[in-house]
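When a ligand or atom number is given, it counts from 1 through the structure's own listing order.
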Amino acid sequence: MTRKTSKTKSHRLTTSDDLEVSAYLEIAKELQGEQSSSELESISKAKRETIVILDFGSQYSRLIARRIRECRVYCELIPFDTPWQKIANLKPKGFVLSGGPASVYDPGAPLAPIEIYGTGLPIMGICYGMQVITHQLGGKVTPGTKREYGHAVLHTGEDSYGLFSGLPASITVWMSHGDQIAALPQDFKPLAYTENSPTAVVSDGKKIFGLQFHPEVVHTPQGKAIIQNFLYNICGCHGKWTPSNFIQETVASIKNQVKGGKVICALSGGVDSAVAATLVHQAIGNQLTCIFVNNGLLRREEAERALNTFRNNLKMNVIYVDATDRFLVRLKGIIDPEQKRIRIGEEFIKVFEDEAVKLGKVDFLVQGTLYPDVIESTTPENKASSRIKTHHNVGGIPATMSLTLIEPLRYLFKDEVREVGLSLGLPEEMIWRQPFPGPGLAIRIIGEVTPERLEILRSSDWIVMSEIKKANLYRELWQSFAILTDVKSVGVMGDFRTYSYLVAVRAVTSHDAMTADWARLPYDLLARISNRIVNEVSGVNRVVYDITSKPPSTIEWE
Ligand code: XMP
């Protein structure tokens, strides 16, 4: 399936900007039949205050997890049909049942494991989650006479058992539901109402709460306070999920897991592998060897800066391989974007293998997998590796290397990774780096990748980045970069006619790269970028700005 004809969602996900590196390695590991180690997880989890969110498929489920983490409480988002024993092993302090598209009276509607009601632990059901509680505890849910969608004013009563502590008697909330509660379970009573929902919040007066509205969305301005009240006042959590606690816990677990073993990690210059490697380095020092493959497709000064950080500032043991020539040979004459990706992926694994085998017996491989990738991968077809596996027919790490995975960021969201990275003392420049694709500049050069064309793109890209940074817009933009097209056009410079390349500038805003909007950069900034590129980069005489959003375009041009 080529990109242009693909109607499915993008195979390239974005939570981790090192996804490409980790996916290549994961493929290699899968081909070798390796398993991820759960030892690390079980050690550190035993001590955590954990909230379990049962996911019934709401588009907002992840937001619930984000909000809970923002309250400094650890949580996991797991499918509603996760076996009870697995849930119990997480030693939850409470449960949240998410919203979802189903109706509880549908045949085979998803329900919560019945065991949760026998635990005596606090439960908060949101929207569909509230209907699940009602239905499973003997109440009645019926289709509402009209759907309630959008803002509503919630009037709370006097007694909220701590759920509405510190909040005014009336607050704005966000509703999105069709079904409604016709009869409450025994011992339940309404705690709050809206104009259309007499039972907008219900409770058993002990530990079970149902909320008809969505506290996790920004349209419920006091939603986070409600969630925090549930966590602190009802579940008794203490908000101990902080970067420094995470670092302490994780470092201790890694030490315990690795013992005297030898560990390798592929660095990409991206924040995820950097934070993962730094954590592991804090735990086991020089038992960790990092391998940094320069594929010759990086931006200007990128490899040097990253190396400087790892080697000189963090004193890590880094093997630096300048494999530029190997990659450029593989890319010679190649213009098809997917072919470029395939060849870069294959070569990466080969270079990595070549270096790794020189180290002799290695026991562990560090990867910068993040939580959204873990959530994505609950269905096999969504596995990070499957997403690019179809496109990369890569080999496996040699059988002599029996590697166990260490994924210290496996339960972190990107913003948490950044916080941890800053606490670990990584430079802001690395922590706030915009995502950069694994195949690098090769997919920002339309047509053949040659040293000359790479240099043109690097110089143009440097100007775009410098100007965007100078204008203080770098962090606001999801990505901003230059593309070298294969179009040549006529220009005039002084008394001479020129016939040179067209460079495009792309700057987008986005939350997750699934959708993106072109950034409304100030005209003056665009003018400076354009002027500087045509004046300073030889071989370019025209600059255009890409004003398409995604969809229908993609962020990258290839
Ligand atoms: P598109 O171009 O599909 O890009 O809108 C979405 C996000 O993914 C990044 N991207 C890649 N990342 N390998 C990667 O590791 C790739 O082949 C790749 N292609 C695109 C892109 O930079 C954007 O953040």
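Between Pro439 and ligand 1, a contact under 3.5 Å exists for no N or O pair. At a 3.5 angstrom cut-off on N or O pairs, Pro437 does not count as close to ligand 1. For a threshold of 3.5 Å applied to N or O pairs, the pair formed by Gln479 and ligand 1 contains at least one separation below that value.
Ligand-side atoms of ligand 1 in range of Ile443: 19 (N), range being under 4.0 angstrom from any heavy atom.
Comparing Glu556, Arg444, Lys550 by heavy-atom distance to atom 6 (C) of ligand 1, the nearest is Lys550.
At a 4.0 Å cut-off, at least one heavy atom of Trp478 sits close enough to ligand 1 to count as contact.
The environment of Ile335 atom CD1 is sparse: at most 12 non-hydrogen atoms of other residues, nucleotides or ligands sit within 6.0 angstrom.
Put simply, CZ on Arg66 and CD on Glu416 are 7.5 Å apart, with the number rounded to the nearest 0.5 Å.
Between the side chains of Gln434 and Ser480, a donor-acceptor pair is found at a separation under 3.5 Å.
A salt bridge links Asp354 to Arg326: at least one charged side-chain nitrogen sits closer than 4.0 Å to a carboxylate oxygen. The pair Arg341-Glu338 meets the salt-bridge criterion, since a charged nitrogen lies less than 4.0 angstrom from a carboxylate oxygen.
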